[in-house]
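Atom set for the values below is all heavy atoms of this structure, side chains included, hydrogens, waters and symmetry mates excluded. So you know, we letter chains A, B, ... as the sequences are listed, proteins then strands, and number each from 1.
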Amino acid sequence: MSREGSKAAVGSLAHVGIAAKYNFLNYFRARRFYVMLAIILIIAGLLTALVGYYRPPGFVDGGALGFYGAGWGSFASIVVVLSAAFFGGDAISGEFQNRTGYFLVPNPIRRSAIYVGKWLAALAASTIILAVFALAMLANGLFYFPGNVPWEFVESFAFAWVYLVAAMSLAFAFSSLFKSSSISVLMSVILLLFVFSVIDTVSSLVAGIEPWFSLTYGAGIVSNILNVPYPAAKTVTPFGPGGRFTVVSYNATVPEGLLILLVYLVVMAVLGLILFERKEFTS
Amino acid sequence: MPPSIEARQLTKRYGQFTALSGLDLSIQGTKCVGFLGPNGAGKTTTMKILTGLIRATKGTALINGVDVASDKKAALSSCATLIETPEIYPSLTPKEALSMLCEIRGVPRQDRNKRIDDALARVKMSEWADKKVGGFSKGMKQRVNVASTLLSDPEVIILDEPSSGLDPRGMSEVRDIVLSLRDRLVFMSSHLLAEVTEVCQEVALIDHGKLLVYDTIENVTAKFAGGGGAAEVGFAGNVDEQLRARVSKLPGVTSTTKSNDRHLIVKYDTAVLTQDKLLESVAGLKAGAITFSQASGLEDAYLSLIKETL
Ligand SMILES: Nc1ncnc2c1ncn2[C@@H]1O[C@H](COP(=O)(O)OP(=O)(O)OP(=O)(O)O)[C@@H](O)[C@H]1O
Ligand SMILES: [Mg+2]
């Protein structure tokens with residue numbers, strides 16, 4: 001009795017592709033994707049309308065570079081954080097809470113293939129969101145400064161995407177850590193939007209230490225690249241009577257920023273995968 | 001090598017609580033094995049370890065000789081599973097969800113559509129093949145889950161209460177499906193003893209995380225059902241100790257066991273009593289007996305092996 005003839009062993013790389021394909025299909029049809037798209041279009045629409053109506057000097061008087069810095073530079077990080085948390089924050093916890101893991105996991109497929117496949121699907125969905133926002137900003141930019149797309153904008157988009165990959169790794173690690181989807185999404189948003197910024201501020205202002213250990217500090221390169229010249233690595237501003245006190249602020253250089261993003265990407269991806277491998281379907 | 005499922009000293013602890021305690025079970029060949037035991041006995045726990053959903057605290061689980069914990073992909077390469085009631089990605093259709101599993105299990109592209117159509121036809125879900133699963137009822141989803149075990153021609157099939165949530169016709173359809181899978185190794189947990197009697201050749205019985213017996217249904221029945229006859233009597237009111245004592249004292253009755261609040265399993269000596277005589281004497285008690293049925297051998301054995309639930 002041999003049934004082996006009817007089946008071919010499927011490689012783990014192929015499994016990654018299969019998991020990615022069906023998860024992407026699921027994302028693409030789910031309401032969440034369109035809610036996220038709507039949020040981005042509202043932000044972009046508001047920016048377009050406000051800039052068109054008020055022509056704020058920060059946007060239109062600083063040349064094309066100033067325009068992209070004020071529009072894309074200020075909002076790209078928020079778009080990255082929201083879409084990483086939205087698509088990645090419950091990717092793994094949802095498999096447990098919604099019991100979809102019971103359908104997928106007890107099959108001849110490695111958990112790591114499921115993890116990487118889901119990660120790719122979430123990354124693809126959020127890359128679309130980020131690209132839509134970039135296109136909206138580009139359309140505005142071309143309207144005010146026709147034919148002038150600064151190279152720095154292209155670099156900034158690339159950095160924002162690397163930030164997205166790192167933020168996705170972090171969101172996946174959180175979604176492997178928590179059992180509840182809403183908690184893992186919320187924790188990812190709170191951490192990326194607030195906690196890291198507080199750490200950055202406290203570290204540089206209060207302790208006077210460069211916050212090289214912070215993800216958002218590394219992500220500063222997304223907006224900083226649009227400042228020409230690039231901001232100094234360390235600025236000491238005296239204040240108070242006779243300049244007795246000083247305020248220290250730090251900016252990661254491009255290589256430093258990229259290194260921080262990459263380290264987060266790798267560490268969080270490995271951590272999340274280990275957590276998922278050990279996590280049990282107990283409910 | 002015949003298909004096989006093996007548990008070696010399988011133990012699972014949740015904190016202080018031991019859900020499974022040194023379970024040894026070795027099943028070989030092509031047949032259907034029923035996995036019985038009261039609620040909380042450890043059936044699902046055993047099956048989750050066998051399918052890589054959870055890890056054993058101690059011991060090893062092997063399918064076709066491969067340790068599930070160290071290589072789930074290889075261990076389940078010729079195994080289909082249905083554990084508890086899985087959910088399917090809500091925005092996929094049954095066709096898409098099943099084709100995901102076909103791809104994962106390596107069903108050749110040219111066979112996929114036919115396999116999926118056949119599987120959906122067998123669970124009577126063809127009409128719903130292209131509707132999103134998100135809107136399905138519990139039983140409809142479970143039908144798709146049952147279909148998912150029929151896709152890849154597996155050698156080993158592990159089913160955890162497959163008819164859970166199904167309507168009466170659905171249950172009988174699952175019975176027919178399992179019957180048609182007798183040329184493989186099916187390991188199925190169930191509380192429906194009639195279903196188990198009909199489709200399984202062997203049963204494994206566990207309680208409190210320990211294996212009580214694993215044998216053919218004939219042997220289990222012969223050994224534990226006792227030689228005499230058995231009947232189940234239903235009463236209009238709750239069965240109290242006094243009523244049980246009255247029934248026990250009837251001539252020819254050898255033992256009585258409450259199977260639930262209103263039912264008694266009555267065993268009797270067939271040399272003294274016949275079923276009709278027992279019915280008459282129970283009715284003669286005027287204690288509110290309203291139903292009377294022959295208890296099946298397996299049920300009888302189950303009840304004598306498992307004295308209480310939880
Ligand atoms: N996550 C958990 N934490 C603590 N105890 C658990 C957990 N999961 C299961 N248990 C316990 O393990 C025991 C075995 O549970 P299991 O689900 O294997 O029983 P079962 O035989 O499948 O019962 P049923 O017939 O009700 O499906 C139960 O007592 C249950 O309370
Ligand atoms: Mg169970």
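- Residue B:T85 touches chain A through both its backbone and its side chain, counting heavy-atom pairs closer than 4.5 Å.
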Salt bridge (charged side-chain N to carboxylate O under 4.0 Å, His left out) between B:D167 and B:K124, intermediate numbers included: CA-CA 12 Å; B:D167 57 39; B:K124 309 288 186 294; over 6 Å; no
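- Of the two parts of B:A97, the backbone and the side chain both hold a non-hydrogen atom closer than 4.5 Å to a non-hydrogen atom of chain A.
- Between the B:R112 side chain and the B:S99 main chain, no donor and acceptor come within less than 3.5 Å of each other.
- Among the candidates A:Y102, A:Y27, A:Y22, the residue making the largest number of heavy-atom pairs closer than 4.5 Å to chain B is A:Y22.
- The aromatic rings of A:F153 and A:W72 stand perpendicular to each other, their planes meeting at an angle above 60°, with 30° marking the opposite boundary.
- For A:N107, the parts lying under 4.5 angstrom from a heavy atom of chain B are both the backbone and the side chain.
- Contact count against chain A (heavy-atom pairs under 4.5 Å) is highest for B:L76 among B:I83, B:L76, B:I158, B:T51.
- Only the backbone of A:K279 comes within contact range of chain B, with at least one heavy atom under 4.5 Å from a heavy atom of that chain.
- Neither the backbone nor the side chain of B:L50 comes within contact range of chain A; no heavy atom of the residue lies under 4.5 Å from a heavy atom of that chain.
- Ring orientation note: the planes of A:F33 and A:F28 are tilted relative to one another, at an angle of 30° to 60°.
- In this structure, B:R115 contributes its side chain and B:L151 its backbone to a donor-acceptor pair below 3.5 Å.
- Put simply, of B:T44, B:V68, B:T81, B:L82, the one with the most heavy-atom pairs under 4.5 Å next to chain A is B:T81.
- Per-residue counts of heavy-atom pairs under 4.5 Å with chain A were compared for B:D71, B:N145, B:L92; the largest is that of B:L92.
- Using a 4.5 Å cut-off between heavy atoms, B:T45 does not touch chain A at all.
- A:E280 pairs in a salt bridge (charged side-chain N to carboxylate O under 4.0 Å, His left out) with only one of the listed residues (B:R55, B:R13, B:K12), which is B:K12.
- The only option from A:L130, A:L265, A:L261 that meets the side-chain contact (heavy atoms from CB on, under 4.5 Å) definition with A:Y163 turns out to be A:L261.
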